[in-house]
Amino acid sequence: MTLEEIHGQENTMDTADRVQSAGAALEELLIAAKKQDYLTVGVYESAKVMNVDPDSVAFCVLATDEEYECDIALQIHFTLIQAFCFDNDINVVRVNDIDRLADLVGADDSGEPKDAHCILVTSPSANPWKDPALDKLSLFCEESRSACDWVPAITLPER
């Protein structure tokens, strides 16, 4: 085994640990933000918040699964949301388990699962909300961008 192969295995293990840690941090963040009523759930609801008060957006989660990968309209919305987030220095991650995300953010008033394709964590501009999980995710996104991974994928921990 060459030195490069050994180094490559170490990087793969580090990356897996980083993604797993980021998944746990994302779960913590979503639960804490939900308790504080700092979540905006749904593509259209998120677009409204971004249009009205972009400074209140602290973090963005885009979610899809195999069922929605070919949904062109959804992919166009994702592209526009990502562009908006990049222009406004908002960290963005992708999650491939939309059902798990929907479980975390809960159901709407009618008991139907919410549209969890886009979730924003907001924070009032006057009194910014600080959360250790948000700090961890911001660092994860920054490290991912330095490795040219502009929208990193996160795997949520299994229950």
Full working for side-chain contact (heavy atoms from CB on, under 4.5 Å) between Val151 and Phe86 = CA-CA 10 Å; Val151 183; Phe86 293 152; 3.6 Å; yes
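- Scored by the side chain to side chain contact (heavy atoms under 4.5 Å, CB included) test, Ala22 finds Leu137, Phe140, Ile154 as partners (sequence neighbours excluded).
- Put simply, OG1 on Thr64 and CG on Asp71 are 8.0 Å apart, with the number rounded to the nearest 0.5 Å.
- Looking only at side-chain heavy atoms (C-beta outward), Leu62 and Val95 stay at 4.5 Å or farther from each other.
- Linking ILVMFWY side-chain heavy atoms closer than 4.5 Å, directly or via other members, places Ile31 and Val121 in a single hydrophobic cluster.
- Between the side chain of Ser123 and the backbone N or O of Ser56 there is no donor-acceptor pair closer than 3.5 Å.
- Between Gln82 and Trp150 there is no side-chain heavy-atom pair separated by less than 4.5 Å.
- A salt bridge links Glu27 with Arg100: the distance from a Lys NZ or Arg NE/NH1/NH2 to an Asp or Glu carboxylate oxygen falls below 4.0 Å.
- Note that NZ of Lys136 is 9.0 Å distant from CG of Asp131, once rounded to the nearest 0.5 Å.
- Shortest non-hydrogen contact noted between Ala116 and Val41 is CA-CG1, 4.1 Å.
- Note that CD of Glu158 is 8.5 Å distant from CG of Asp97, once rounded to the nearest 0.5 Å.
- The backbone N or O of Ile90 sits nowhere less than 3.5 Å from a side-chain atom of Asn88 that would complete a donor-acceptor pair.
- Interatomic distance, Gln36 CD to Thr122 OG1, rounded to the nearest 0.5 Å: 10.5 Å.
- Taking CG of Asp103 as the reference point, atom CG of Leu156 lies at 10.5 Å (rounded to 0.5 Å).
- With contacts defined as side-chain heavy-atom distances shorter than 4.5 Å, the pair Cys141/Val92 does not qualify.
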Carefully, step by step, assess Cys85 and Asn91 under the rule side-chain contact (heavy atoms from CB on, under 4.5 Å).
-> CA-CA 7 Å; Cys85 289; Asn91 291 314; over 6 Å; no
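- Here Phe84 pairs with nothing under the ring pair (Phe, Tyr, Trp, His ring centres under 6.0 Å) rule; sequence neighbours left out.
- Side-chain contact between Leu39 and Leu120 is absent, with no heavy atoms from C-beta onward closer than 4.5 Å.
- Pairing each heavy atom of Glu45 with each of Gly42, the nearest pair is OE1-CA, 3.3 Å.
- Counting only distance, with no hydrogens or angles, the side chain of Asp115 and the backbone of Val43 share a donor-acceptor pair below 3.5 Å.
- The shortest side-chain heavy-atom distance between Ile76 and Phe78 does not fall under the 4.5 Å cut-off.
- The structure places CD of Glu67 at 8.5 Å from CD1 of Ile98, a figure rounded to the nearest 0.5 Å.
- Ser46 is not listed as a side-chain neighbour of Ile119, based on a closest heavy-atom distance of 4.5 Å or more.
- Under the 4.5 Å side-chain criterion, counting only non-hydrogen atoms from C-beta, Asp65 is not in contact with Glu69.
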